[in-house]
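Submitted below is the structure of interest, expressed as structure tokens.
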There are 2 protein chains.
Amino acid sequence: MTEEKTEYSISDLAKEFGITSRSIRHYEDEKLITPTRRGVHRIYNNRDRVRLQLILRGKRLGFSLAEIKEIIDLYGMEGEEKQTKRLLELITVRRESLNQQLKDIKYLLKEFDVLEAKLNAEK
Amino acid sequence: MTEEKTEYSISDLAKEFGITSRSIRHYEDEKLITPTRRGVHRIYNNRDRVRLQLILRGKRLGFSLAEIKEIIDLYGMEGEEKQTKRLLELITVRRESLNQQLKDIKYLLKEFDVLEAKLNAEK
DNA sequence: TGCGAAGTTTACGTTTGCGTAAAGGTAAGG
DNA sequence: CCTTACCTTTACGCAAACGTAAACTTCGCA
């Protein structure tokens, strides 16, 4: 059986994802993640860990913390508020943005191929 | 014959790309673009226009202006300095970053599909 | 029980990417 | 010439995303 860790300290996660504890606390200030407390110390569970992954993914794509919060809030809102229509709209908007990024990436990767070929041809 | 415009004012480009003139001047301050001058006024040619497109593409992907400058400088350096090896390294690094972003995008798009399906199933 | 490592809050500092006046110069039409 | 639209430089302002320092507290263990 592979033992799955279920509890993490702030520095556990910081080390794992190569960021600082300060950043994680900052995400908490901005309400993107809300670990439980044991006394005064922060305790992160697997759900928190996944959230952090989502945050970092969003960051790599250039989204602001506010945008990432919006995306994260999409999950966890499922059904409750009957804002389904609004959620679907948000998803559409986000999807368009991601598709644009896809185009941009493909364009740049192609350009890199061309440039690399040129450089290699240069003997 | 389709007439290709070959000269643009700063507000021409600003309008075309939906940004402010201030931004374009800022990119110039940061050495990402260097239009010629007619007297005191900036004149942009097609090459400058393409550069601006590259800048905006980079921005949509979350690159900093400094990183975009690095990427842009890849072009235009071809061959001259015999830094070919260094250039190929840079391309590799950038390519890895773009591939990571590709993964991130695909992950999120898939998540959106799942979420959308759930919302629609909710009757 | 007394370290040392790690955690906590508070708060000011820094960088990036422009926004936004202020104060004027320039080009073209009437 | 004069107005109007657009351009210029200079410079301070500001929000976002942390960095960093200060000044404790808490936990594990020797």
Side-chain angles (χ1 to χ4, degrees), chain A residues 5-45 48-49 51-73 94 97 101 104, chain B residues 5-45 48-49 51-73 94 97 101 104:
Chain A
K5 210 176 176 188
T6 117
E7 243 180 44
Y8 313 84
S9 73
I10 192 164
S11 54
D12 285 344
L13 292 185
K15 262 173 231 161
E16 177 175 356
F17 293 112
I19 59 180
T20 65
S21 297
R22 175 66 176 89
S23 294
I24 299 180
R25 289 197 196 95
H26 181 62
Y27 302 150
E28 185 175 347
D29 288 345
E30 302 294 321
K31 321 277 183 193
L32 278 90
I33 191 170
T34 47
T36 57
R37 299 276 182 145
R38 175 140 58 237
V40 74
H41 291 85
R42 275 168 258 253
I43 307 291
Y44 299 84
N45 60 24
D48 296 321
R49 213 187 74 105
R51 261 166 180 272
L52 188 51
Q53 280 184 304
L54 256 174
I55 294 171
L56 298 180
R57 227 186 311 266
K59 288 212 63 193
R60 284 195 299 269
L61 295 177
F63 291 116
S64 72
L65 293 186
E67 290 173 313
I68 294 171
K69 176 170 162 44
E70 194 194 56
I71 293 175
I72 283 182
D73 289 347
R94 285 294 152 214
S97 165
Q101 295 199 41
D104 291 332
Chain B
K5 211 177 175 188
T6 124
E7 244 179 45
Y8 312 85
S9 74
I10 192 165
S11 54
D12 284 344
L13 293 185
K15 262 175 230 161
E16 176 175 357
F17 293 111
I19 59 181
T20 64
S21 297
R22 175 66 177 91
S23 296
I24 299 180
R25 288 195 197 98
H26 181 63
Y27 303 149
E28 186 175 346
D29 287 344
E30 302 294 321
K31 320 277 182 193
L32 278 91
I33 191 171
T34 47
T36 57
R37 299 278 181 145
R38 175 138 59 236
V40 74
H41 292 87
R42 277 166 258 251
I43 306 292
Y44 300 84
N45 60 24
D48 296 322
R49 214 187 74 106
R51 264 169 177 269
L52 189 50
Q53 280 183 305
L54 257 175
I55 294 171
L56 297 180
R57 229 186 308 266
K59 288 212 59 192
R60 284 194 299 268
L61 294 176
F63 291 116
S64 71
L65 292 186
E67 290 173 312
I68 294 171
K69 175 171 163 44
E70 193 195 56
I71 293 175
I72 283 183
D73 288 349
R94 284 295 153 213
S97 166
Q101 294 198 40
D104 292 333

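What you are looking at is a predicted structure, and each value in this text was computed from that prediction instead of being measured. Per chain, numbering begins at 1; letters A, B, ... match sequence-line order.
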* May I have the distance from I43(B) (atom CD1) to dA27(C) (atom P), rounded to whole angstrom? => 10 Å
Would you tabulate the nitrogen or oxygen pairs shorter than 3.5 Å linking the protein to nucleotides 24-27 of chain D?
none

* To the nearest 0.5 Å, how far apart are CD1 in I71(B) and CD in E67(B)? ->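 So the gap between those two atoms works out to 7.0 Å.
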* To do: Round to the nearest Å and state the distance from I68(A) atom CD1 to dA16(D) atom P.
  =>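 Atom CD1 in I68(A) sits about 13 Å away from atom P in dA16(D).
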* Is D48(B) reaching over with its side chain to a backbone N or O of N45(B), donor-acceptor style, under 3.5 angstrom? ->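 Yes; at least one donor-acceptor contact below 3.5 Å.
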* Asked: Would you say the side chain of F63(B) lies within less than 4.5 Å of the side chain of R94(B), judging by non-hydrogen atoms?
  -> yes
* Summarise protein proximity over nucleotides 16-22 of chain C in one line of letters, 5' to 3': B for base, S for sugar-phosphate only, - for none, counting protein heavy atoms closer than 4.0 Å. => -BBBB--
* Taking atom C1' of dC18(D) as reference, at what distance in whole Å does atom CD1 of I19(A) sit? ->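 Whole-Å distance recorded here is 11 Å.
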* To do: Under the salt bridge (Lys or Arg N to Asp or Glu O under 4.0 Å) rule, collect the residues that match up with R51(B), sequence neighbours excluded.
  => none
* Structure fact -> Hits for side chain to side chain contact (heavy atoms under 4.5 Å, CB included) against Q53(B), two or more places apart or cross-chain, chain-then-number order -> F17(B), R49(B), V50(B), R57(B)
* Kindly say if S9(A) contacts the phosphate of dG7(C), meaning a side-chain N or O under 4.0 Å from OP1 or OP2. =>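 The answer is yes; a side-chain N or O of S9(A) sits under 4.0 Å from OP1 or OP2.
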* Tell me: CD1 of I10(A) to C1' of dT8(C), nearest whole Å? ->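 Distance check: I10(A) CD1 to dT8(C) C1' gives 9 Å.
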* To do: Output the distance between atom NZ (K15(A)) and atom OG (S9(A)), rounded to the nearest 0.5 Å.
  =>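 So the NZ of K15(A) and the OG of S9(A) are separated by 7.0 Å.
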* Looking at CD1 of I43(A) and CD of E7(A), how far apart are the two atoms once the value is rounded to the nearest 0.5 Å? -> 5.0 Å
* Take the protein atom NZ of K15(A) and the nucleotide atom P of dA5(C), then report the distance between them rounded to whole Å. => 12 Å
Give every donor-acceptor pair under 3.5 Å between a side-chain atom in residues 19-26 of chain A and any protein atom, sequence neighbours left out.
{"from": "T20(A)", "atom 1": "OG1", "to": "S23(A)", "atom 2": "N", "distance (Å)": "3.1"}
{"from": "T20(A)", "atom 1": "OG1", "to": "S23(A)", "atom 2": "OG", "distance (Å)": "3.1"}

* To do: Grab the CG-C1' distance between D29(A) and dA11(C) for me, whole Å please.
  => 12 Å
Show me the side-chain donor-acceptor pairs of residues 27-35 of chain A shorter than 3.5 Å, one per line, residues at least two apart or across chains.
{"from": "E28(A)", "atom 1": "OE1", "to": "R42(A)", "atom 2": "NH1", "distance (Å)": "2.8"}
{"from": "E28(A)", "atom 1": "OE2", "to": "R37(A)", "atom 2": "NH2", "distance (Å)": "3.4"}
{"from": "E28(A)", "atom 1": "OE2", "to": "R42(A)", "atom 2": "NH1", "distance (Å)": "3.4"}

* Given dG7(C), is OP1 or OP2 found less than 4.0 Å from the side-chain N or O atoms of R42(A)? -> no
